Student: 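Here it is, the structure in full.
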Amino acid sequence: MHAYRAALLHCLADPCEVGDAACQYFADGLLVVAAGKVAQIGDAAELLPQLPAGVPVSEYRDALIVPGFVDTHIHFPQVGVIGSCGAQLLDWLQTYTFPAEARFADPQHAREQAAFFLQELLRNGTTTALVFCTVHPQSVDAFFVEAERLGLRMIAGKVLMDRNAPEELSDSAASGYDESKTLIERWHGRGRLHYAVTPRFAATSTPEQLDLAARLLREYPGLYLHTHLAENQAEIAWVKELFPERSGYLDVYDHHGLLGARSVFAHAIHLCDAECRRLGESGSAVAFCPTSNLFLGSGLFDLARMDAHGVRVGLGTDIGAGTSFSALATLDEAYKVLQLQGQRLDPFRALYLATLGGAHALYLDERIGNLLPGKDADFVVLDLKATPLLEHRLAQSQSLAETLFALTILGDDRAVRESFAAGVSVHQR
Ligand code: GUN
Ligand code: ZN
């Protein structure tokens, strides 16, 4: 057992649905952790006298403890292509991304990249992510070995691509199915790990491959489906050409049985109302990836429309088209993307998107996303004096909402003092 004393803030529900009651704040709080789970949360004055003798208490000044951040869309093999200049999606894939992913045929390279990637996530306070690997099964093994060593709750899978990809990055419908099956049996449900069936996007899979992806979902309960959807106009036109018999991009996935609980579609920018409705009614989720959508010039994600159709939405960094691992930096860009559309991202909703909302999108909100007793003890200690500017700005703050808002606009990895996964400190600045 271990206790942590600091200001504590977490969400109990979506602020969009329940307003002010959505978040719980303790100005001088205590978080009690036992056996990797939250045991108690409350006011320090109330809980400290009840602590059994000898339980260590770590105290953090000028700090705010929040739940570990949840990243609902990221590519671990793309760390090396962040900040590659001058292309939109399809050229960017050909020019930078496919060559970088081809190097993951080498298991040693995959192990080194997995270690750096996970350290970078933790340095940014992200304790759970839904992660693309490459087409190589060894990239998935490298990722899960390291995630397991760190005790993280992670979701990942092998990319499926049986057409329109370079030879060295292609599988076949049958080999992709067989290799995925072997990986699912090795990793899915082992400790805190989950497997995601990962067709890259409709343009790089044949109808046969999409059918076999759906077959895997039927064969193993609790699997995820992770892919891209309606990110870029040229991509959408290409998918229309490849699947002329389908009514639209989403219908390709729908027709092949890939919508539903634990299906996560990255981007989802250029959709019609009927497609948003279908995402909502099917229990599918979408990943809002603002830094990526701006960097590749893809477009503006319409959060209000997703809300209107009851679609589960998480926040995605989409490294390496995205430009930051930081959930805080991603919320800064999310705010601006919504501003451009006349929408306002409330700071508590922003926190929700990065924590409990992400967990809800991934159907993991019974286990992670806030700090209620029984949840996995995944949390982050944020430093409210991380930079001179942050300290200066927060000194003027009149309210918790103002502090939280300025933190999401000015904060990034520098604001992460320590990260904990299942009660274990996995990063200290
Ligand atoms: N669509 C298909 N593959 C990718 C990828 O790697 N990144 C992004 N942003 N979009 C994609
Ligand atoms: Zn992506």
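Indexing begins at 1, ligand by ligand and atom by atom, following the structure's order. Positions are given from 1 along the sequence. Fair warning: this is a prediction, and the values are worked out from it, not measured in the lab.
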Student: Between Gln78 and ligand 1, is there a nitrogen or oxygen pair with a distance under 3.5 Å?
Tutor: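 Min N/O separation from ligand 1 is below 3.5 Å for Gln78.
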Student: If the cut-off is 4.0 Å to any non-hydrogen atom of Leu89, which atoms of ligand 1 fall inside it?
Tutor: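 In order of number, 1 (N), 8 (C), 10 (N), 11 (C).
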Student: Out of the candidates Val286, Leu225, Leu362, only one should pair with Val264 under the side chain to side chain contact (heavy atoms under 4.5 Å, CB included) rule; please name it.
Tutor: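 It is Leu362, the one option of Val286, Leu225, Leu362 that forms the side chain to side chain contact (heavy atoms under 4.5 Å, CB included) with Val264.
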Student: At the Zn ion (ligand 2), what angle lies between atom OD1 of Asp318 and atom NE2 of His73, rounded to 10 degrees?
Tutor: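 OD1 of Asp318 and NE2 of His73 make an angle of 90° at the Zn ion (ligand 2), to the nearest 10°.
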Student: Is Arg200 close to ligand 1, meaning an N/O of one under 3.5 Å from an N/O of the other?
Tutor: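 Yes, Arg200 has an N/O under 3.5 Å of an N/O on ligand 1.
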Student: Checking contacts here: is it the side chain or the backbone of Leu93 that comes within 4.0 Å of ligand 1, counting heavy atoms only? Could be both or neither.
Tutor: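 Near ligand 1, Leu93 shows its side chain, while the N, CA, C and O stay back.
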Student: Using a 4.0 Å heavy-atom threshold (strictly under), name the region of Glu235 that reaches ligand 1: side chain, backbone, both or neither.
Tutor: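 None of Glu235 does.
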Student: Does NZ belonging to Lys240 count more than 12 external heavy atoms closer than 6.0 Å?
Tutor: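 Incorrect, the count does not exceed 12.
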Student: Over 60° means perpendicular and under 30° means parallel, so tell me whether Tyr60 and Tyr4 are parallel, tilted or perpendicular.
Tutor: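 Tyr60 vs Tyr4 ring planes: parallel.
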Student: Would you call the rings of Phe201 and Trp238 parallel, tilted or perpendicular, where under 30° means parallel and over 60° means perpendicular?
Tutor: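 Because their plane-to-plane angle is over 60°, the rings of Phe201 and Trp238 count as perpendicular.
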Student: To which protein heavy atom is atom 4 (C) of ligand 1 closest, and what is the distance rounded to 0.1 Å?
Tutor: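 Closest protein heavy atom to atom 4 (C) of ligand 1: His228 CE1, 3.4 Å.
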Student: Evaluating non-hydrogen atoms only, which member of Glu231, His73, His75 is closest to atom 5 (C) of ligand 1?
Tutor: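 It is His75 whose heavy atom sits nearest to atom 5 (C) of ligand 1.
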Student: Which word best sums up how the rings of His73 and His226 line up, parallel for under 30°, tilted for 30 to 60°, or perpendicular for over 60°?
Tutor: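 Geometry flag for His226 against His73: perpendicular rings.
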Student: Taking the side chain as every heavy atom from C-beta outward, state whether Phe143 and Leu118 have any pair of such atoms under 4.5 Å apart.
Tutor: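 Yes, side chains in contact.
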Student: Mind checking whether His267 and His228 have parallel, tilted or perpendicular rings, split at 30° and 60°?
Tutor: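 If you compare the ring of His267 with that of His228, the planes turn out parallel.
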Student: Please confirm whether Trp92 comes under 4.0 Å of ligand 1, counting heavy atoms of the residue only.
Tutor: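 Trp92: in contact with ligand 1 (<4.0 Å).
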Student: What atoms in ligand 1 come closer than 4.0 Å to a heavy atom of Asp318?
Tutor: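 Here the atoms of ligand 1 in question are 8 (C), 9 (N).
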Student: Is the gap between the ring centers of Tyr335 and Phe405 under 6.0 Å?
Tutor: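 Aromatic pair counts; centres sit under 6.0 Å.
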Student: Examine all N, O or S atoms of Cys289, backbone included, and report whether one is under 2.8 Å from the Zn ion (ligand 2).
Tutor: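 It does not: Cys289 brings no N, O or S atom closer than 2.8 Å to the Zn ion (ligand 2).
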